[in-house]
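The next block holds one structure in the form of structure tokens; read it before the comments.
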Protein chains: 4
Amino acid sequence: MAESADDRLRLLIERIERLEEEKKGISDDIKDVYNEAKATGYDAKVMRIIVRLRKMKPDDRREQECVVETYKNALGLD
Amino acid sequence: MAESADDRLRLLIERIERLEEEKKGISDDIKDVYNEAKATGYDAKVMRIIVRLRKMKPDDRREQECVVETYKNALGLD
Amino acid sequence: MAESADDRLRLLIERIERLEEEKKGISDDIKDVYNEAKATGYDAKVMRIIVRLRKMKPDDRREQECVVETYKNALGLD
Amino acid sequence: MAESADDRLRLLIERIERLEEEKKGISDDIKDVYNEAKATGYDAKVMRIIVRLRKMKPDDRREQECVVETYKNALGLD
DNA sequence: ATTTTAGGAGTGCAAC
DNA sequence: GTTGCACTCCTAAAAT
């Protein structure tokens, strides 16, 4: 036959490898932005927190922040 | 000789395995506490956040919370 | 001034968010390839192992495989 | 009442914190064993692989190793 | 049954 | 160079 099982497997693997390279490139780009931000004086760690918060649905986020406050108060945290 | 290299390696591996079992037991205990808390009506996810916050040095924590607030304001978050 | 600090921060965050979306898209593509492979009868877990092995330098890989064999023999594994 | 909700939450949190300390202690012990092994000339990375292999059911392990071989051959790996 | 979520392990980077 | 930190991956549990 024109295409052996071995070739099929190889093609799948190679597609994955190409995609992983692309992904790696983007990860590097993200790292660059954080470094650029840090060089400008921003706190990268906090920026990561912000990105996470913005991923949440606003209502969920506010709800959670509220519960966190409650628990902090219960424990005398802050 | 009394103790072959093979035995030495085996003993090291077995010590690691014993320790990993202990660790697993404790992880399960922690999980139990969270489940108990959840059954009592507490929000386990928020509890995890609290545990993380309490691990930080209070000054660092307050400093970070402050920067988070600043960035949130800058982005109109909240 | 034309560009406030707030805008600068916002732009950085938005660049990160765009890049993370792209990255997410590629991750999904990779997942799709694995699913396609699985549907064809391949073992996705083993494919992941293969991808990892192909990432290594051939000499390093062979060297490591050799040491693994040695340790397995020492422990009567296999 | 004798025990307020705040106390209940605090007690749960403190139990978790104690357990996490124990867990951390064991993790450190494990690290120590790997370091001791390394000092004796063993390859810690390979030891981790061995530990993982020994966790698997022997039949599953052999089956998987077999499929890995097959795929490696299909790709001319080795 | 599918999809999300958390914990753990491993890897690589970075700072010291 | 080594220690710690952060990101990724993967497995397993959980919720829907």
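Convention: sequence-line order gives letters A, B, ...; per-chain numbering from 1.
Across residues 26-39 of chain B, B:Ser27 each have a non-hydrogen atom less than 4.0 Å from an atom of DNA chain E (numbered order).
Nearest to the side-chain atoms of D:Lys45 among the listed nucleotides F:dT8, E:dA6, E:dT11 stands E:dT11. Taking the side chain of D:Lys23 as heavy atoms from C-beta on, and the options F:dC9, E:dA9, E:dG8, the nearest nucleotide is E:dG8.
Summarising the geometry of D:Tyr42 relative to B:Leu9, their closest heavy-atom pair is OH-N, 3.6 Å, with the distance given to 0.1 Å.
Between D:Ile50 atom CD1 and E:dG10 atom P the separation is 13 Å, expressed in whole Å. Rounded to an integer number of Å, the gap from D:Gln64 CD to F:dT11 C1' is 13 Å. In this structure, CD1 of C:Ile49 is placed 15 Å from C1' of E:dA9, rounded to the nearest angstrom. Note: NZ (A:Lys57) to C1' (E:dT5) measures 15 Å, nearest angstrom. Atom CD1 in A:Ile16 sits roughly 18 Å away from atom P in F:dT8 (whole-Å rounding). Spacing between atom CG of C:Asp43 and atom P of F:dC10 amounts to 13 Å, rounded to whole angstrom units.
Shown here are the side-chain contact (heavy atoms from CB on, under 4.5 Å) partners of B:Lys38, two or more places apart in sequence or in another chain: B:Asn35, B:Ala44. By the side-chain contact (heavy atoms from CB on, under 4.5 Å) test, A:Lys45 pairs with A:Asp43, B:Gln64, sequence neighbours left out.
Each of C:Arg52 and B:Lys24 was matched to the nucleotide of DNA chain F holding its nearest heavy atom; the match closer to the 5' end belongs to C:Arg52.
Remark: side-chain polar atoms of A:Asp60 are not paired, donor with acceptor, to backbone N or O of A:Met56 under 3.5 angstrom.
Residues A:Lys23 and C:Lys24 fail the side-chain proximity criterion, which asks for heavy atoms closer than 4.5 Å. By the 4.5 Å heavy-atom criterion applied to side chains, B:Leu12 and B:Arg15 are counted as neighbours.
When the side-chain nitrogen and oxygen atoms of D:Arg48 are compared with OP1 and OP2 of E:dA9, none of them lie within a distance under 4.0 Å.
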